J.: 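Below are the structure tokens for one structure; questions will follow.
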Amino acid sequence: MAVPADAGPPTEPEVTKRRVREEVKAALRQLSAEQMAQESATIAARVLDSRAFQEAPHAVIYVHCAKLREVDTTRVLQHAMEARKRLYVPRVQDKDANMHFLHLDSLDALETMPPFGIREPRPTYDDGSERHDVLQVDEPLELVVMPGLAFDRAGRRLGRGGGYYDKFIAAARRRAEERGWPQPLLVALSFRAQLVGEVPVEAHDARVDAIVTADEVIACSPGAADALAALGAPGCSGGSGDAPP
């Protein structure tokens with residue numbers, strides 16, 4: 001994307017974000033397909049066993065992109081469909097950080113979109129009617145399962161620079177507050193290579209409530225430990241300001 005002619009020099013947070021992004025991308029490139037598959041399977045099992053997933057009637061879950069080396073969500077999506085949850089998945093609207101989260105009634109409704117090969121829901125149902133948008137239906141949203149590029153144990157999240165999830169989260173939180181609904185639980189899925197000591201953030205960057213890795217579930221907000229614990233099991237580990245590099 002072209003930089004406006006009157007744009008000033010990048011700020012310190014922007015420079016730090018750029019550096020962290022490059023470091024994490026390099027670390028992800030070192031992961032083998034087998035390692036990513038193993039970690040993804042363990043992460044999926046943790047999500048599926050959690051109280052948050054099992055008790056949420058409505059959920060936003062991202063569809064992973066292999067090219068971007070994201071944690072595989074195929075198993076989580078399949079189980080959500082089998083459990084007859086009201087499931088919503090992202091579809092990019094434009095380059096201004098606008099993204100719809102549309103109702104998914106079948107995995108066959110996903111289509112591969114350029115340039116990264118991300119699978120997104122077709123905008124209409126088989127009967128030609130428009131798919132329901134999670135921000136336009138009269139029902140609460142209990143769970144958001146989201147990707148990211150880098151995370152720390154305090155719940156700070158670094159995306160890929162588009163701002164799509166930050167914008168959606170802000171809108172979802174406003175809507176829940178206006179309707180008197182509980183706030184959705186924000187859960188990020190992360191490979192080990194994506195955990196860093198501290199993620200650089202700015203005022204608009206949304207933090208997540210929990211981070212699920214192959215090793216643990218990191219609770220980053222009050223109540224997240226109980227929500228992400230397996231049913232009948234004790235709560236998960238709490239977060240802190242720092243994490244091993």
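Being a predicted model, the structure only gives us computed values, none of them experimental. What you see below is based on every heavy atom in this structure, not just the backbone, and it leaves out hydrogens, waters and symmetry mates. We number each residue from 1, following the sequence as shown.
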J.: For Arg157 and Ala206, which heavy atoms make the closest approach, and how far apart are they?
T.: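 In this case the closest contact between Arg157 and Ala206 is CB-O, 4.1 Å.
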
J.: What's the shortest heavy-atom distance between Ala210 and Ala224, and which atoms?
T.: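 So the two residues come closest at CB-CB, 4.3 Å.
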
J.: Are any of the side-chain heavy atoms of Glu216 and Arg153 separated by less than 4.5 Å?
T.: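 Answer yes - side chains close enough.
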
J.: Roughly how far, to the nearest 0.5 Å, is the CD1 atom of Ile61 from the CG atom of Leu104?
T.: 9.5 Å

J.: What are the two closest heavy atoms between Asp209 and Ser221, and how far apart are they?
T.: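 Minimum heavy-atom separation between Asp209 and Ser221: OD1-OG, 2.8 Å.
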
J.: Test of understanding: with side chain to side chain contact (heavy atoms under 4.5 Å, CB included), list the residues that count as partners of His64, not counting sequence neighbours.
T.: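 Tyr62, Glu70, Asp72, Thr73, Thr74, Arg119.
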
J.: Arg46: which residues meet the side chain to side chain donor-acceptor pair (under 3.5 Å) condition with it, sequence neighbours left out?
T.: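 Per chain and number, Arg46 pairs via side chain to side chain donor-acceptor pair (under 3.5 Å) with no residue.
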
J.: Can you find a pair of side-chain heavy atoms, one from Met99 and one from Lys167, that are under 4.5 Å apart?
T.: no

J.: Determine all donor-acceptor pairs shorter than 3.5 Å in which one atom belongs to a side chain in residues 106-114; sequence neighbours excluded.
T.:
unit_1, atom_1, unit_2, atom_2, d
Ser106, OG, Asp108, N, 3.1
Glu111, OE2, Arg91, NH1, 3.1

J.: Look up atom CD in Gln93 and atom OH in Tyr164, then write down how far apart they are to the nearest 0.5 Å.
T.: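 Interatomic distance, Gln93 CD to Tyr164 OH, rounded to 0.5 Å: 9.5 Å.
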
J.: Can you sort out the partners of Arg192 under salt bridge (charged side-chain N to carboxylate O under 4.0 Å, His left out), two or more places apart, ordered by chain and number?
T.: Glu39, Asp215

J.: Show, in sequence, the C-alpha distance, side-chain angles and deciding distance for Glu120 and Val92, and conclude whether the side chain to side chain contact (heavy atoms under 4.5 Å, CB included) test is met.
T.: CA-CA 8 Å; Glu120 298 182 347; Val92 174; 3.5 Å; yes

J.: For a 4.5 angstrom cut-off between non-hydrogen side-chain atoms, does Tyr165 reach Pro90?
T.: yes

J.: Would you find a donor on one side and an acceptor on the other, under 3.5 Å apart, between the side chain of Arg160 and the backbone of Leu68?
T.: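 Between the backbone of Leu68 and the side chain of Arg160 there is a qualifying donor-acceptor contact (under 3.5 Å).
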
J.: I'd like to check the side chain to side chain donor-acceptor pair (under 3.5 Å) partners of Glu139; sequence neighbours left out, ordered by chain and number.
T.: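 Scan of Glu139 (side chain to side chain donor-acceptor pair (under 3.5 Å), adjacent residues dropped) gives Tyr88.
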
J.: Quick check on the hydrophobic clustering: are Val20 and Met146 connected, directly or via other members, by side-chain heavy-atom contacts under 4.5 Å?
T.: yes

J.: Is Val137 reachable from Leu141 through a run of hydrophobic residues whose side-chain heavy atoms are each under 4.5 Å from the next?
T.: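 Looking at the clustering, Val137 is in the same group as Leu141.
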
J.: Please check this pair: side chain of Glu130 against backbone of Thr124, looking for a donor-acceptor N/O pair closer than 3.5 Å.
T.: no

J.: Please answer whether the main-chain N or O of Phe191 pairs with a side-chain N or O of Gln194 as donor and acceptor at a distance below 3.5 Å.
T.: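 The answer is yes, because a donor-acceptor pair under 3.5 Å joins these two groups.
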
J.: Kindly write out the residues that satisfy salt bridge (charged side-chain N to carboxylate O under 4.0 Å, His left out) with Glu23, not counting sequence neighbours, or none if the list is empty.
T.: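 For Glu23 the salt bridge (charged side-chain N to carboxylate O under 4.0 Å, His left out) partners, ignoring immediate neighbours, are Arg19.
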
J.: Is any side-chain N of the basic residue among Glu142 and Arg86 closer than 4.0 Å to the acidic one's carboxylate O?
T.: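 No, no charged N to carboxylate O under 4.0 Å.
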
J.: Minimum heavy-atom separation for Arg131 and Leu102, please, with both atom names.
T.: CB-CB, 4.0 Å

J.: For a 4.5 angstrom cut-off between non-hydrogen side-chain atoms, does Leu31 reach Arg69?
T.: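 Answer yes - side chains close enough.
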
J.: With side chains defined as the heavy atoms from C-beta onward, is the minimum distance between Leu143 and His58 less than 4.5 Å?
T.: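 The answer is no, as the side chains (C-beta and beyond) never meet within the 4.5 Å cut-off.
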
J.: Quick one: closest heavy-atom pair of Asp152 and Val199, and the distance?
T.: OD2-N, 2.9 Å

J.: Just to verify, what does Glu177 make a salt bridge (charged side-chain N to carboxylate O under 4.0 Å, His left out) with, not counting sequence neighbours?
T.: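 With neighbours one apart ignored, the set is empty.
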
J.: With a 4.5 Å cut-off on side-chain heavy-atom distances among I, L, V, M, F, W and Y, is there a chain of contacts connecting Leu28 to Val71?
T.: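 Linked within one cluster.
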
J.: How would you list, by chain and number, every residue that makes a salt bridge (charged side-chain N to carboxylate O under 4.0 Å, His left out) with Asp166, sequence neighbours excluded?
T.: none

J.: Using 0.5 Å steps for rounding, measure from the NZ atom of Lys85 to the CG atom of Leu77.
T.: 12.5 Å

J.: Give, for atom CD1 of Ile118 and atom SG of Cys65, the distance between the pair rounded to the nearest 0.5 Å.
T.: 4.5 Å

J.: Tell me every residue that passes side chain to side chain donor-acceptor pair (under 3.5 Å) with Thr42, counting only those two or more places apart in sequence or in another chain.
T.: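 Expected list: none.
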
J.: Donor-acceptor pairs under 3.5 angstrom involving side-chain atoms of residues 179-190: please list them, not counting sequence neighbours.
T.:
unit_1, atom_1, unit_2, atom_2, d
Arg179, NH1, Asp138, OD1, 2.7
Gln183, NE2, Arg173, O, 3.1

J.: Can you find a heavy atom in the side chain of Val89 that is under 4.5 Å from one in the side chain of Val60?
T.: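 No, side chains not in contact.
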
J.: Under a 4.5 Å side-chain heavy-atom rule over Ile, Leu, Val, Met, Phe, Trp and Tyr, are Phe168 and Leu158 clustered together?
T.: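 Per the 4.5 Å side-chain linkage, Phe168 and Leu158 are co-clustered.
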
J.: Could you tell me whether the side chain of Leu149 reaches within less than 4.5 Å of the side chain of Lys25, counting heavy atoms only?
T.: yes

J.: Side chains of Leu195 and Thr213: does their closest heavy-atom pair fall under 4.5 Å?
T.: yes

J.: Would you say Ile218 ends up clustered with Val76 if hydrophobic residues are merged whenever their side chains have heavy atoms under 4.5 Å apart, either directly or through other cluster members?
T.: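 As far as the 4.5 Å side-chain criterion goes, Ile218 and Val76 are connected within one cluster.
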
J.: Check for a donor-acceptor pair, side chain of Lys67 on one end and backbone N or O of Gly117 on the other, with a separation under 3.5 Å.
T.: no

J.: Quick one: closest heavy-atom pair of Arg156 and Val201, and the distance?
T.: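 Taking every non-hydrogen atom into account, CB-CG1, 3.8 Å.
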
J.: Quick one: list whatever passes side chain to side chain donor-acceptor pair (under 3.5 Å) with Lys17, sequence neighbours left out.
T.: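 Partners of Lys17 under the side chain to side chain donor-acceptor pair (under 3.5 Å) test: Glu202, Asp205.
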
J.: How would you list all residue pairs meeting ring pair (Phe, Tyr, Trp, His ring centres under 6.0 Å) that involve residues 113-145, not counting sequence neighbours?
T.: His103-Tyr125, Tyr125-His132

